[in-house]
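Below, chain A is the first sequence line, B the second, and so on; all start at residue 1.
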Amino acid sequence: MAELSVSVVSADREVWSGAAKQIVARTTEGEIGILPGHEPILGILSAGEVRITPVSGAPMVARAEDGFLSVENDTVTIVAGQAELVS
Amino acid sequence: MGAQLRVYRQKIRSAQTTKKITRAMELISASRIQKAQARMAASAPYARAVTRAVSAVATYSNVDHVLTTERENPRRAAVVVFTSDRGLAGAFSSQVIREANELRTRLEGEGKEVVNYLVGRKAVQYYAFRRRVAAKEWMGGTDQPTFETAKDIADTLVDAFIAGGESESGVDEIHIVYNRFVNLVSQTPEIVRVLPLEVVDGVDEPGANDVLPLYEFEPEVDAVLDALLPVYIESRIFNAMLQSAASEHAARQKAMKSATDNADKLIREYTRLANNARQAEITQQISEIVGGADALVSAK
């Protein structure tokens, strides 16, 4: 199965990058789930959590303040001035 | 000890003390450059992602957004000058200020009023001495810039920009002047117009065959631009600050290295002169003794 290549970046460093099966984020419009093969999208994140399900290992939660999310070609970039992994 | 000799010894000692200080500063800068460069590298993914997203929105949407369209009859232009807090870094601050002055002349030639925003104590001192008014100043921490400062600067600028040149404190254009870190030996002052947007200034231009996909926007294009552009400005400002910090350390290291070399040269020269003076003194004493002895002998 195809997988998403994800990177979570904050202003001063790359917080996390790797392969994932699924991502759930909260945009200003509501929650959005992203699976491999998603159409290109550029969304503004409302303050909240982004849940990442990596290909291997336990699900993770990243906090991204005032950021946005872009999806193209199964590449997901979660960008925020301040971002961190919660668990 | 002769007066001459004492003067030379004093000069040697003072050169030695100076050398110790400059050597220490050189070493400190050398170690901080590494860290500054690492921070620049670490922030690259962010800048790349933001730039890419902004160019995607700007190319694929034909919206007339406040932030992307050039205003008719721009009246006021903001110039942000990034210098250091401390001197002893060669031409680091002065070359940026010189560049800013040229920009100011050019803008005024175009009939725009210049509003100054200053970062770094050196710029603040320069403008204060010449009684030029600055709209806002930021001092402290130019050698280790934080994202909070960048955000503060960006917020101020975006607010002023949105207010517009018609209002009391607003502006129609924003230019930044900073030292771009080329490599350890060369740092060049650079002027970038950040607003109205000139998307993708050489950071990571998508190649010809690297076509940007047709994005879906959520919520809608206008709102995305609204949210994205301040972020873009923040990232440009932060990038400028990091570049400026790395350049500052590189410039200081270079300046301090030549100061240390200079002190070495001075010490060598004065040591020669001191030796000369000492020898002259000894010779004079010997001839005095011999002369005295001769006088005693002939007096018998």
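Two residues are said to be in side-chain contact when any heavy atoms from C-beta on lie closer than 4.5 Å; B:Leu228 and A:Phe68 meet this criterion.
The two residues A:Asp12 and B:Ala42 have their closest heavy-atom pair at O-CB, 3.1 Å. Taking every heavy atom of both residues into account, A:Ala11 and B:Phe238 meet most closely at O-CE2, 3.6 Å.
When heavy atoms are compared at a cutoff of 4.5 Å, A:Ile32 approaches chain B solely by way of its side chain, counted from C-beta outward. Only the backbone of A:Ser10 comes within contact range of chain B, judged by heavy atoms closer than 4.5 Å.
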(request) Walk me through it: do A:Val79 and B:Tyr46 pass the test side-chain contact (heavy atoms from CB on, under 4.5 Å)? (result) CA-CA 7 Å; A:Val79 184; B:Tyr46 180 76; 3.3 Å; yes
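Salt bridge A:Glu72/B:Arg52: present, at least one basic N to carboxylate O contact under 4.0 Å.
Note that the CG atom of A:Leu42 and the CD atom of B:Glu216 stand 10.5 Å from one another [nearest 0.5 Å].
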